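The first residue of the sequence shown is numbered 1, and numbering continues consecutively from there. Below, each value reflects all heavy atoms present in this structure, side chains not excepted, and no hydrogens, waters or symmetry copies. Keep in mind it's a predicted model, so treat the numbers as computed, not measured.
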Amino acid sequence: MSSEATRRLALDFAGQIAPAGSIDVRRFFGGSALVRNGAQFGFVMKGMLYLRVDDAMRAEFEADGSEPFSYRAAGRKVTVRRYAVPAHVIDDPALLHAYSQRALHATPTAGHKLSDTMLAFNPSD
């Protein structure tokens, strides 16, 4: 998926989640970040929406078969607290909005930093 297509998809999700203009869509590595009031609560990467999760959301997403975003760096797998949003959530605007609000509440703001990285060191991955 091209960077322009990723940006369009991110803008589409942003429009579904909140009123126009209240979510900024910014470049983010190979994708697009979703940012509200300076807090990045999600991103679109390779055609998939990922949202920041708290423990309860992680359990719900995992029960739906979702996995966290991960990448390889310096010979190890790095996993972050953003999970792929299940298809049934994407297909339900009210549910997508509710999960996005929960993701925003799970996102650190200025002066309140939460760890972004989950334990995920496994050299055999």
Side-chain angles (χ1 to χ4, degrees):
M1 177 173 264
S2 73
S3 61
E4 184 56 36
T6 297
R7 179 171 172 70
R8 282 193 307 271
L9 184 58
L11 287 166
D12 182 53
F13 285 133
Q16 292 177 54
I17 293 168
S22 65
I23 295 177
D24 294 324
V25 175
R26 301 179 183 162
R27 288 175 47 166
F28 179 70
F29 299 103
S32 294
L34 299 176
V35 180
R36 187 167 190 182
N37 299 326
Q40 181 187 331
F41 66 96
F43 60 82
V44 175
M45 189 80 64
K46 297 181 181 176
M48 180 68 67
L49 173 63
Y50 292 86
L51 292 177
R52 171 110 185 176
V53 297
D54 56 20
D55 291 338
M57 279 178 70
R58 180 175 44 248
E60 291 170 36
F61 278 19
E62 287 176 347
D64 283 331
S66 289
E67 295 185 5
F69 181 79
S70 64
Y71 60 93
R72 296 198 68 73
R76 64 186 178 96
K77 182 178 180 181
V78 178
T79 303
V80 297
R81 290 187 182 271
R82 285 168 180 78
Y83 270 66
V85 178
H88 75 91
V89 173
I90 299 243
D91 293 340
D92 183 334
L95 200 52
L96 178 60
H97 178 77
Y99 273 105
S100 298
Q101 291 303 310
R102 289 175 65 189
L104 192 56
H105 290 292
T107 302
T109 56
H112 184 260
K113 179 135 176 82
L114 301 173
S115 174
D116 216 19
T117 306
M118 298 171 8
L119 298 175
F121 180 73
N122 187 348
S124 64
D125 280 345

Novice: Does any part of the side chain of Q40, heavy atoms only, come nearer than 4.5 Å to the side chain of R52, both counted from C-beta?
Specialist: no
Novice: Does any part of the side chain of L51, heavy atoms only, come nearer than 4.5 Å to the side chain of V89, both counted from C-beta?
Specialist: no
Novice: Backbone N or O of F69 within a donor-acceptor pair of the R82 side chain at under 3.5 Å?
Specialist: no
Novice: What is the minimum heavy-atom distance between P108 and A39, and which atoms define it?
Specialist: O-CB, 3.8 Å
Novice: Shared ILVMFWY cluster between V35 and F41, side chains joined below 4.5 angstrom?
Specialist: no
Novice: Would you list the pairs meeting salt bridge (charged side-chain N to carboxylate O under 4.0 Å, His left out) in which at least one residue belongs to residues 26-41, sequence neighbours left out?
Specialist: D24-R26
Novice: Output all residues satisfying side chain to side chain donor-acceptor pair (under 3.5 Å) with D92, sequence neighbours left out; order by chain, then residue number.
Specialist: none
Novice: For a quick test of reading the model, state the closest non-hydrogen atom pair linking L34 to A10 and the distance between them.
Specialist: CD2-O, 3.7 Å
Novice: I need the minimum non-hydrogen distance between T6 and V44, along with the two atoms involved.
Specialist: CG2-O, 3.5 Å
Novice: Return the minimal non-hydrogen interatomic distance between S70 and K77, and the atom names on each side.
Specialist: OG-CE, 3.3 Å
Novice: List in chain and number order the residues that pass ring pair (Phe, Tyr, Trp, His ring centres under 6.0 Å) with F28, two or more places apart in sequence or in another chain; answer none if no residue qualifies.
Specialist: F43
Novice: Do the side chains of M57 and Y83 get nearer than 4.5 Å, heavy atoms only?
Specialist: no
Novice: Could I get the full list of side chain to side chain contact (heavy atoms under 4.5 Å, CB included) partners for A56, not counting sequence neighbours?
Specialist: D54, E60, R102
Novice: Find the distance between CD (Q16) and CD1 (I23) and round it off to the nearest 0.5 Å.
Specialist: 10.5 Å
Novice: Taking side chain to side chain contact (heavy atoms under 4.5 Å, CB included) as the definition, give me every residue that meets it alongside E67, ordered by chain and number, with sequence neighbours left out.
Specialist: none
Novice: Has S66 got a side-chain atom pairing as donor or acceptor with E62's backbone, closer than 3.5 angstrom?
Specialist: no
Novice: Using the rule side-chain contact (heavy atoms from CB on, under 4.5 Å), only one of Y99, F61, F13 pairs with V85; which is it?
Specialist: F61
Novice: How long is the span from the OG atom in S2 to the CG atom in L9, to the nearest 0.5 Å?
Specialist: 10.5 Å
Novice: Which pair of heavy atoms, one from R7 and one from V25, lies closest together, and at what distance?
Specialist: NH1-O, 3.0 Å
Novice: Residues two or more places apart in sequence or in another chain: which of them pass salt bridge (charged side-chain N to carboxylate O under 4.0 Å, His left out) with D91?
Specialist: none
Novice: Drop me the distance from L49's CG to I17's CD1, to the nearest 0.5 angstrom.
Specialist: 6.0 Å
